[in-house]
Amino acid sequence: RRMQCLAVTIAILCALLAQGSVLTDEVDAARTCANDAEKCNGRLLTPDDKDMDSDDVSFVQLRKMKALSETSVGKMTRAFLDRLERDIHTFASSGSMFTLVAQFNVKEDGCDKFEELRLANAEEVQAAEPGTLLFQLCKDPTVKGKYYMIEMYQDMAALQTHFKNLQEQFQTAMSELLTGEAPSIKLYNVLAPPGLKPGKAGVALLAEFPVQPGKENDFENAWLPIIDDVHEKEAGNLLYAFGRDVQDSSAYGFTEMYAEMSDVAAHGDTDYFKAAQPHWAPTLGGTPTITILQVVGDSSKKPTLVASNL
């Protein structure tokens, strides 16, 4: 169980690394440290860590990530790591699918090159990683340079494999196009079939819901009955992944993709969507956040649903 928690921790921190939060010389230094367990153990390990196998890939990567957190990643990432290690075991389910949403900022004069590199990388990821089901670049159409990656993984093993590969294939050229602001990353346990369908998406939607503590079951029970309706009745919906934040059991998110904007409107106008609202709305602990994104390119995907009846 502890190793499963470490795997998710590593995944998040490797994402920070892959998005350019760490300079190349610091990556090299961390690699040296990770390969020299005797030299680094005293500074990087907690007493609870020392009974673990130092040859385990997850354990070695965790040492590396902790080493990075002591350098330019700084106090913010250190606090992030501590929170993950403290909380994530409560919420992460190793058997579930995961969706990950990463938001990062690109220099305005580097956007075209960034899209070119990221789309090429997406094709490589899909070809090399069977458990990576979706690796889609999106952007905020209202803010130049504000990009998102929408990703989905078959299980925790696939998540760990992906970030191990990212760490080993760190792209300096891509990182140099970023503004240097730390990315924000959300990781969700998928609670129902996500209905990832074949087809070209034009629009992505991210919906975040804060729920009152103690009302989580009511919130889930309000949404779960309509999931199959969305998959079966909406030809323009290509992804509808309902997830719980692995760091906060009272935070939920929908990761959605549609062929075009009219399909988003059609979804919100369905009888089943409207009927669910009186059940989930009273459970909220704050105002939901809805983000509409433009899908960039047509990243290959591994559909989980082929809805031939649509």
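Quantities reported herein were computed from a predicted structural model and do not represent experimental measurements.
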Before you tell me yes or no, could you show the steps for Thr270 and Lys233 under side chain to side chain contact (heavy atoms under 4.5 Å, CB included), namely the whole-Å CA-CA distance, both residues' side-chain angles and the distance that decides it to 0.1 Å?
CA-CA 10 Å; Thr270 60; Lys233 299 177 181 179; over 6 Å; no

Keeping Gln212 on the side-chain end and Pro282 on the backbone end, is there a donor-acceptor pair under 3.5 Å?
yes

Could you tell me whether the side chain of Phe114 reaches within less than 4.5 Å of the side chain of Leu137, counting heavy atoms only?
yes

Smallest separation among heavy atoms of Pro141 and Ile292, with atom names:
CD-O, 3.7 Å

Treating Lys197 as the side-chain partner and Ala235 as the backbone partner, does any N or O pair qualify as donor plus acceptor under 3.5 Å?
no

Quick one, Asn237 with His267, criterion side chain to side chain contact (heavy atoms under 4.5 Å, CB included). Give me CA distance, side-chain angles, the key distance, then yes/no.
CA-CA 8 Å; Asn237 174 268; His267 168 66; 5.6 Å; no

With no hydrogens and no angle check, just 3.5 Å: does a side-chain donor-acceptor pair link Ser250 and Glu216?
yes

So, does Lys215 use its side chain to make a donor-acceptor pair with the main chain of Leu284 at under 3.5 Å?
no

Can you list, pair by pair, the side-chain donor-acceptor contacts under 3.5 Å of residues 218-227, counting residues two or more places apart and other chains?
{"from": "Glu220", "atom 1": "OE2", "to": "Arg244", "atom 2": "NH1", "distance (Å)": "3.2"}
{"from": "Glu220", "atom 1": "OE2", "to": "Tyr252", "atom 2": "OH", "distance (Å)": "2.6"}
{"from": "Asn221", "atom 1": "ND2", "to": "Asn217", "atom 2": "O", "distance (Å)": "3.1"}

side-chain contact (heavy atoms from CB on, under 4.5 Å) involving Ser262 - partner list, sequence neighbours excluded:
Glu260

Test side-chain contact (heavy atoms from CB on, under 4.5 Å) applied to Ala201 - qualifying residues, sequence neighbours left out:
Leu238, Met257, Val295

For Ala207 and Ile290, work out which heavy atoms get closest and say how close.
CB-CD1, 3.5 Å

The side-chain hydrogen bond (donor to acceptor under 3.5 Å, both in side chains) partners of Thr287 (sequence neighbours excluded) come to none

For side chain to side chain contact (heavy atoms under 4.5 Å, CB included), just list the numbers for Glu234 and Asp229, CA-CA rounded to whole Å, side-chain angles, deciding distance to a tenth of an Å, and then say yes or no.
CA-CA 8 Å; Glu234 298 182 32; Asp229 284 330; over 6 Å; no

Would you name the heavy atoms of Ala158 and Gly131 that are closest together and state the gap between them?
CB-O, 3.4 Å

Pairs of donor and acceptor atoms involving the side chains of residues 97-109, under 3.5 Å and at least two apart or interchain, shall be tabulated with distances.
{"from": "Gln103", "atom 1": "NE2", "to": "Asn105", "atom 2": "OD1", "distance (Å)": "3.2"}
{"from": "Lys107", "atom 1": "NZ", "to": "Glu176", "atom 2": "O", "distance (Å)": "3.0"}

Using side-chain heavy atoms (C-beta onward) and a distance below 4.5 Å, is Asp263 in contact with Val203?
no

Any Met152 side-chain heavy atom under 4.5 Å of Leu239 side chain:
yes

Name the residue from Trp280, Tyr240, Phe273 that meets the ring-ring contact (aromatic ring centres under 6.0 Å, His included) definition with Phe254.
Tyr240

Can you name the nearest heavy-atom pair linking Val211 to Thr283, along with the distance?
CG1-O, 3.4 Å

Decide, yes or no, whether a salt bridge links Glu116 with Lys113 under the criterion of side-chain N to carboxylate O below 4.0 Å.
yes

Looking at His279 and Ala275, what are the two nearest heavy atoms and their distance?
CD2-O, 3.3 Å

Tyr188 meets the ring pair (Phe, Tyr, Trp, His ring centres under 6.0 Å) criterion, sequence neighbours left out, with none

For Asn121 and Phe135: C-alpha separation, side-chain torsions, deciding distance, then whether side chain to side chain contact (heavy atoms under 4.5 Å, CB included) applies.
CA-CA 9 Å; Asn121 176 242; Phe135 197 69; 3.5 Å; yes

If we ignore angles and hydrogens, is there a donor and acceptor under 3.5 Å between the side chains of Tyr153 and Glu129?
no

Looking at Thr304 and Leu196, would you say the former's side chain and the latter's main chain have a donor-acceptor pair under 3.5 Å?
yes

